[in-house]
Amino acid sequence: AAQVIQRKTREKARRDHYPAPFALIDLWREHGGSKSDMLAGERESVARLITGDTAQNLIRVFFLRERLKKAGRESEREIEHVHVIGAGVMGGDIAAWCALKGLRVSLSDIDVDQIGAAVGRADSLFRKKLRERNKVRDAHDRLLPDPSGKAVRRADLVIEAVAEKLDVKKAVFAEVIKQARDDALLATNTSAIPLEDIAEAVGASERLMGLHFFNPVAKLPLVEVVRAEGTAEETAAAGAAFCEAIGKLPLPVKSAPGFLVNRVLTPYMLEAMKLIEEGHAPETVDRAAEEFGMPMGPVELADSVGLDIAREVGERLAEHFSLEAPDRLQQLVRQKKLGKKSGEGFYVWKDGKPQKNEKSAAEPEKTMVDRLILQMVNACAGCLRDGVVEDADMADAGMIFGTGFAPFRGGPMHYVERRGRDDVVGALENLAEQHGKRFQPDRFWAKTKKKTKTKGR
């Protein structure tokens with residue numbers, strides 16, 4: 001029985017990453033017939049586990065979560081009615097989540113069919129989360145399909161979630177500003193466009209902020225609360241409070257290309273694609289990241305996000321950073337092989353799952369983990385240098401709760417401190433020599449040079 005339980009546990013976690021459940025199984029197997037021996041063994045086991053890296057880093061993650069929650073308690077402004085413009089996957093799911101959490105929501109789109117599809121997805125969410133028929137009914141009553149968009153006039157908060165095109169967003173806000181209340185807060189769900197570019201269409205930029213949700217909205221807890229140069233402190237604080245009120249974790253970030261999460265994730269995913277171009281199997285690349293502790297490999301992640309979106313964000317960020325969309329990515333997008341949503345990308349997808357051939361994939365090379373993870377680490381350093389987030393703890397919080405970055409490692413910047421900055425910078429310099437300037441250590445490392453003990457990888 002212990003072997004069966006152990007095998008099932010291994011499907012969920014690795015012993016070297018999360019030792020506690022395996023220690024519990026070991027105790028039961030060794031002392032299951034004796035309560036006194038079990039208790040004695042447990043005392044020793046718990047004392048050892050609680051002082052280990054995994055437990056200490058997970059305690060750190062708990063306090064990072066509490067700090068994000070605190071950012072959502074600095075405004076008393078109440079938001080009761082949210083108007084969402086754009087009923088695609090992101091807009092529709094944001095609207096559904098807000099209705100689920102008790103807010104009145106109106107949802108508009110020029111395509112009535114999009115609104116219908118969004119309401120259908122909302123019904124699935126309500127039934128899964130609420131279960132009771134009357135609660136599901138009440139949630140539907142709070143979600144108002146609004147093809148005409150007239151409900152924008154009554155909203156406390158207007159969230160734009162249309163196509164990720166600057167001219168489209170500016171046109172939407174040019175109309176919103178004519179109809180919305182003078183005291184209504186305005187937000188964009190842009191994933192990468194600097195708010196200052198959008199603010200040109202808003203006569204009152206002090207009311208404009210970014211509320212960047214992550215897909216799937218119902219599962220990922222983080223929301224980047226983006227503040228532009230003209231955004232009022234009260235607006236950003238109210239945005240963070242809104243996120244906390246709907247059960248999300250607000251991460252304050254400065255308006256900059258890609259903000260935090262996309263700026264860090266994009267080079268990581270592009271590097272994975274470069275490894276594939278070099279002849280490595282997608283399964284091998286994903287396995288390298290998963291063995292490090294990522295919940296999903298970068299290739300599967302790119303397929304899940306959508307390869308068209310990955311290319312679009314990559315090209316937008318390439319205007320500011322040393323990034324280049326690999327030829328293989330360009331080819332797949334031209335062939336309309338966009339990943340999960342089209343049924344094929346780097347993987348073939350069936351029933352929402354990638355069809356991986358793990359047995360034929362080679363073991364990851366030792367340098368593969370560094371090529372992937374140090375891209376993220378170096379991008380985090382750039383974000384800190386540019387003041388995108390307040391400090392290294394907030395960078396770690398954003399990556400853990402926005403991307404699932406290995407929680408047992410405490411975040412990318414904490415990983416650097418445990419491994420040793422000198423070792424990380426040296427590894428980046430070696431990679432730059434072998435693979436190009438995209439690995440050049442960010443200027444942040446030289447400006448904040450700090451000696452740390454090397455504690456393994």
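Computed from a prediction, not measured in an experiment: that's the story for all the values here.
A distance-only check finds a donor-acceptor pair linking the side chain of Glu164 to the backbone of Ser191 [under 3.5 Å]. Within the 3.5 Å criterion, the main-chain N or O of Leu338 finds a donor-acceptor partner in the side chain of Ser342. With hydrogens and angles ignored, the 3.5 Å screen pairs a side-chain donor or acceptor of Glu277 with a backbone N or O of Arg328. Put simply, the side chain of Asp109 gets close to the backbone of Asp111: a donor and an acceptor are under 3.5 Å apart. When atom types are taken as modelled, the side chain of Thr231 and the backbone of Leu208 share a donor-acceptor pair closer than 3.5 angstrom. At least one donor-acceptor pair closer than 3.5 Å links the side chain of Thr284 to the backbone N or O of Ala362. The main-chain N or O of Val217 is found under 3.5 Å from a side-chain atom of Lys248 such that the two form a donor-acceptor pair. No donor-acceptor distance shorter than 3.5 angstrom exists from the side chain of Ser322 to the backbone of Arg438, with no hydrogens or angles considered.
Residues Tyr415 and Phe292 place their aromatic rings such that the two centres sit under 6.0 Å apart.
For the pair Glu358 and Arg287, the salt-bridge criterion is met [side-chain N within less than 4.0 Å of a carboxylate O]. Looking at Glu66 and Lys69, a side-chain N of the basic residue comes within less than 4.0 Å of a carboxylate O on the acidic one, giving a salt bridge. The pair Lys254-Glu229 does not count as a salt bridge, with every side-chain nitrogen at least 4.0 angstrom from each carboxylate oxygen. Remark: Arg371 engages Glu271 in a salt bridge, criterion side-chain N to carboxylate O under 4.0 Å. Classification of Arg60 and Glu417 as a salt-bridged pair fails, no side-chain N sitting under 4.0 Å from a carboxylate O.
Side-chain contact between Asn262 and Arg316 is absent, with no heavy-atom pair separated by less than 4.5 Å.
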Stepwise salt bridge (Lys or Arg N to Asp or Glu O under 4.0 Å) test for Arg14 and Asp16: CA-CA 6 Å; Arg14 290 166 54 107; Asp16 55 335; 3.1 Å; yes
Derivation and outcome, side chain to side chain contact (heavy atoms under 4.5 Å, CB included), residues Arg67 and Glu390: CA-CA 12 Å; Arg67 184 174 168 190; Glu390 185 178 349; 3.3 Å; yes
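Heavy atoms only, all atoms of each residue included: Ala118 and Gly92 are closest at CB-CA, 3.8 Å.
In this pair, Tyr347 and Trp349 present their aromatic rings perpendicular. The plane angle is above 60°, beyond the 30 to 60° band. Aromatic ring orientation, Phe408 versus His17: parallel (interplanar angle below 30°, classes split at 30° and 60°).
Side-chain contact of Gln56 with Thr51: a donor-acceptor pair under 3.5 Å is absent, judged by distance alone.
Applying the side-chain hydrogen bond (donor to acceptor under 3.5 Å, both in side chains) criterion to Lys128, with sequence neighbours excluded, gives no partner residue.
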